[in-house]
Amino acid sequence: QVQLVESGGGLVRAGGSLRLSCAASGGTFSMYGIGWFRQTPGKEREFVAWIAWDGDSTFYADSVKGRFTITRVNAKNTVYLQMNNLKPEDTALFYCAVSDRVGVSRRVHQYGYWGQGTQVTVSS
């Protein structure tokens, strides 16, 4: 069973940057696609970015395209989300998740394992 732990969240001013990490254990990490999602109170969990098992393919939500970059280092069982030019509307609890689907996975139900989340707060 795969376990995921997110880290790197915090408070940053608008225009600033953060790098989130998602560390995996308990499974064959390099076989899975990994996604990042975010959620604010009262709203549904929202897709942010996805990376294929080998890191060769990525996909982003339109709202973060050009500002966020997802990468992975399979040797470290870790996926990263570099977030630049952050905006107040990026404030959310960010989750990483594992998908065993082939191809881009943008839906919550396509993911079987989730971390506990890391809070990102962007002040104006």
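Sequential numbering from 1 along the given sequence is applied to the chain's residues.
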Determine the minimum heavy-atom distance between [X] and [Y], stating which atoms define it.
X	Y	value
Ala49	Tyr60	CB-CD2, 3.7 Å
Gln119	Thr91	NE2-CG2, 4.0 Å
Ala14	Ser124	CB-CA, 4.4 Å

Is the [atom1] atom of [X] crowded by more than 12 outside heavy atoms at less than 6.0 Å?
X	atom1	result
Trp114	CH2	yes
Gln116	CD	no
Lys43	NZ	no

Inter-residue atom distance [X].[atom1] - [Y].[atom2], 0.5 Å rounding:
X	Y	atom1	atom2	value
Ser57	Ile51	OG	CD1	9.0 Å
Cys96	Ile34	SG	CD1	6.5 Å
Ser105	Asp100	OG	CG	8.5 Å

- Can Gln39 and Tyr95 be said to form a side chain to side chain contact (heavy atoms under 4.5 Å, CB included), step by step? CA-CA 8 Å; Gln39 190 170 22; Tyr95 299 89; 3.9 Å; yes

- State yes or no: do Phe37 and Val120 share one hydrophobic cluster built from I, L, V, M, F, W and Y residues joined by side-chain heavy-atom distances below 4.5 Å, directly or via other members? no

- Item | Path from Val79 to Leu81 over hydrophobic side-chain contacts below 4.5 Å | yes

- Message: Please verify the inter-ring angle class for Phe47 with Phe59; under 30° counts as parallel, over 60° as perpendicular, anything in between as tilted.
- Response: tilted

Sub-4.5 Å side-chain heavy-atom contact between [X] and [Y]:
X	Y	result
Tyr111	Arg101	no
Asn84	Gln82	yes
Cys22	Tyr80	no
Leu18	Leu86	yes

- Test side chain to side chain contact (heavy atoms under 4.5 Å, CB included) applied to Met83 and Val64, Thr69, Ile70, Leu20, the passing residue: Leu20

- Identified side chain to side chain contact (heavy atoms under 4.5 Å, CB included) partner of Arg45 from the options Thr40, Leu93, Val108: Val108

- Query: Of Arg106, Arg107, Arg38, which meets salt bridge (Lys or Arg N to Asp or Glu O under 4.0 Å) against Glu46?
  - Reply: Arg38

- Item | Phe68/Asp90 under side chain to side chain contact (heavy atoms under 4.5 Å, CB included): CA gap, chis, key distance, verdict | CA-CA 11 Å; Phe68 291 11; Asp90 293 318; 4.0 Å; yes

- Given Val48 and Phe94, is the side chain to side chain contact (heavy atoms under 4.5 Å, CB included) satisfied, shown in steps? CA-CA 9 Å; Val48 174; Phe94 279 71; 4.3 Å; yes

- Message: Tell me if a side-chain donor or acceptor on Thr78 pairs with a main-chain N or O of Lys76 at a distance below 3.5 Å.
- Response: yes

- Decide yes or no on side chain to side chain contact (heavy atoms under 4.5 Å, CB included) for Ser7 and Thr118, but give the supporting numbers first. CA-CA 6 Å; Ser7 62; Thr118 184; 5.5 Å; no

- Item | Check: Tyr113 ring centre within less than 6.0 Å of Tyr32 ring centre | no

